[in-house]
Amino acid sequence: MSQLSEIEALLGSQGRLSREQAEFLYAQAPSDWLREQADRARRRLHGQSAFYNRNIHFEPTNKCVYACRFCAFARRADQGPEDGDWDHGTAELDKILLARAPGSITEVHITGGVHPDRGVDFGEDLCRLVRGRHPDAHVKAFTAVEISFFARKSGLSLEETLKRLQAAGLGSLPGGGAEIFDPEVRRQIAGGKAPAQQWLEIHEIAHRLGLSSNATMLYGHVENFSHRVDHMARLRDLQDRTGGFMSFIPLRYRNENNALSHLSEATPEQDLRNFAVARLFLDNIPHLKAYWVMLGVPVATRALDWGVDDLDGTVDDSTRIYSMAGAEEKSPALSSARLQEIIRSRGRTPVERDSLYRAVD
Ligand code: V47
Ligand code: SF4
C-alpha cells in the first residue's frame, strides 16, 4: 500500500496522524486529495454549519517591550511619538463601547503591544469596562505573552494573574503569541518573549480555571514543515490533557514593514494546504478558523472548502496589527450579512455563534 492510501485508510477509521505522516502530507499529498480529506473531517465535526460572530477588536497600544522581527506594528517603548503610534487607555475603549448599541456585539477582542508600564490592574480595568457597558458581551483578551508580562510586572503568579482577570470579567484567551514553538525558530523571529513552555503553561492554567482559549500558528517565514507539525503536536498533546482549546488559527506571515521583509509570503495554495493538514492533524481541536482580516476575503472564502468551519467575525476596528504588515484590509469590517453571504457562496449554512461556539438566535 502506498503511504497515501495507508493514511487514507487511517483517516477513514478516524485514526490519528503521526508527526511523520503530517510532514509527508505537507510535502507530498496531492492538493485535491488534501482538500477532500480535510473537507470530510470538517463535515464529520460540523455538518453544513460554518460559524461567525459579531465582534469588535481593540488594540490599546503599539508600544511594546519586545521586538519580534515579523511585527510591523510595535514601536519601542522608549521611542518618541511618531506617525502611527498610539497608546490608548480606558477612555478610548469607553468611547468605542458607547458607540455600540446594547446587544449589537457579543464579543470584544482585546490585544496589543506589551506596554512596559502596565500590569494586571490595567487588564482588569479594561475587562470591567467592557462588562459594565455591555454586560452580555464576552471579553476575549490578552495573549499569553501579555499575561506573562502582567504577572511579572505585578509580582503575581501566572495563576493569580489569570484569576484576577477572570474575576474582572475575562471570558477566554485569544490565541496570539504562539508563533512557532520550536526554540530555534522562536529565537530567530520572536527572541525574548514568553517561550513555548510558558505559552503552553498559561493556556493550561487558564483551561484549569475554566477559561477556554484559542491557539494560533504564524507560518510561511523561516520555519519548515517539521516545525509546523511540532507546533501542532504540542497543542494536540495539551488539548488531550485539558480540552480547553476551541479553535486553531493559522496566520500567514505578512511581509511589509518589518525586519523580515526580504522573505516572500506563502501563496494561496500553500495557505489552503496548510489549513487541510491542520484539520487532519488536530483531531481534538474542534474549530479551524480562517481569519479573513489576515488572509483577505477571497482566500478565507476558499478555505471553507479546505477544512475551515469558522471565519471569525465582523471585527470592525482599526486592527492595524495586520494592515501595517501588508494585509489587504486596511480598515477591516464585514457586516453579518456579508459574512453570511460568503458562507452561503460555498454552499454552507451560516451560524452566528457566541465566543464559546454556542449558536446565537
Ligand atoms: O501573535 C503579527 C500575528 C498575532 C504579523 O484568538 C502577524 O480568535 C502575520 O492572535 N504577519 C495576534 N501575522 C493576533 C491573534 C488573533 C487574531 C485573530 C483571532 C484570534 C483569536 C487571535 O498576530 C500575533 C502574531 O502571530 N502577527 N504580525 C505579520 N507580520
Ligand atoms: Fe510586541 Fe506582539 Fe509585536 Fe511581538 S508581535 S513585538 S509581542 S506587539
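Numbering of ligands and ligand atoms starts at 1, following listing order.
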side-chain contact (heavy atoms from CB on, under 4.5 Å) against Q28, all qualifying residues, sequence neighbours excluded: F24
Ligand-side contact atoms (ligand 2) for residue partner G113, heavy atom cut-off under 4.0 Å: 8 (S)
Residue C64 vicinity, atoms of ligand 2 by number, heavy atom under 4.0 Å: 1 (Fe), 6 (S), 7 (S), 8 (S)
Residue of the set I202, L156, V120 for which side chain to side chain contact (heavy atoms under 4.5 Å, CB included) holds with L162: I202
Side-chain donor or acceptor of T301 paired with backbone N/O of V297 under 3.5 Å: yes
For atom 26 (O) of ligand 1, the option (of R252, E179, E107) bearing the nearest heavy atom: E179
For P174, the ligand 1 atoms whose distance to one of its heavy atoms is below 4.0 Å: 6 (O)
Residue selection (non-hydrogen contact nearest atom 10 (O) of ligand 1) among G176, G112, A72: G176
Polar contact flag for Y291 and ligand 1 (N/O pairs, less than 3.5 Å): no
E179 bridged to K193 by N-O distance under 4.0 Å: yes
Pair F142 and F150, ring centroids less than 6.0 Å apart: yes
Contact atoms of ligand 1, heavy-atom distance to G177 under 4.0 Å: 1 (O)
N or O contact, K289 vs ligand 1, cut-off under 3.5 Å: yes
Parallel, tilted or perpendicular: ring planes of H57 versus H109, cut at 30 and 60 degrees: tilted
Option set H221, H57, H109, criterion heavy-atom distance to atom 22 (C) of ligand 1, minimum: H109
Pair Y219-D271, side chain to side chain contact (heavy atoms under 4.5 Å, CB included): steps then yes or no: CA-CA 9 Å; Y219 68 93; D271 292 331; 2.6 Å; yes
Subset of ligand 2 atoms that lie under 4.0 Å from at least one heavy atom of F70: 5 (S)
Backbone or side-chain N or O of K140 under 3.5 Å from ligand 1 N or O: yes
Per-residue contact class, F70 against ligand 1 - non-hydrogen pairs under 4.0 Å: both
Residues in side-chain contact (heavy atoms from CB on, under 4.5 Å) contact with L45, at least two apart in sequence or another chain: R279
Interfacing atoms of ligand 2 (cut-off 4.0 Å, heavy-atom, K193): 4 (Fe), 5 (S), 7 (S)
Lys/Arg-Asp/Glu bridge criterion (N-O < 4.0 Å) met for R128, D121: no
Proximal atoms of ligand 2 relative to F73 (non-hydrogen, under 4.0 Å): 8 (S)
Numbering as shown, the atoms of ligand 2 that approach Y66 to under 4.0 Å (heavy-atom distance): 6 (S), 7 (S)
Nitrogen or oxygen of N214 less than 3.5 angstrom from that of ligand 1: yes
Electrostatic pair E159-R208, nearest N-O below 4.0 angstrom: yes
Polar proximity ligand 1 side, C71 side, N/O cut 3.5 Å exclusive: no
Parallel, tilted or perpendicular: ring planes of F245 versus H207, cut at 30 and 60 degrees: perpendicular
Region of T111 engaging ligand 1 - heavy atom pairs below 4.0 Å: neither
Pair W86-E59, side-chain donor/acceptor within less than 3.5 Å: no
Y253 neighbourhood, listing ligand 1 atoms whose heavy-atom distance to it stays under 4.0 Å: 9 (C), 11 (N)
Ligand 1 atoms in contact with L251 (distance to a heavy atom under 4.0 Å): 3 (C), 4 (C), 23 (O), 26 (O)
Where ligand 1 meets I249 - atom numbers and elements under 4.0 angstrom, heavy-atom basis: 6 (O), 8 (O), 20 (C), 21 (C)
Sidechain-backbone polar pair: D310 side chain, L288 backbone, donor-acceptor under 3.5 Å: no
Numbering as shown, the atoms of ligand 1 that approach M294 to under 4.0 Å (heavy-atom distance): 7 (C), 9 (C), 11 (N), 13 (N)
Enumerated ligand 2 atoms positioned under 4.0 Å from heavy atoms of C71: 3 (Fe), 5 (S), 6 (S)
Atoms of ligand 1, numbered as shown, that sit under 4.0 Å from any heavy atom of T216: 10 (O)
Within-4.5 Å side-chain heavy-atom neighbours: E8 and Q37: yes
Location of contacts on C68 toward ligand 2, heavy atoms closer than 4.0 Å: both
Aromatic plane relationship, Y357 with F51 - under 30° parallel, 30 to 60° tilted, over 60° perpendicular: perpendicular
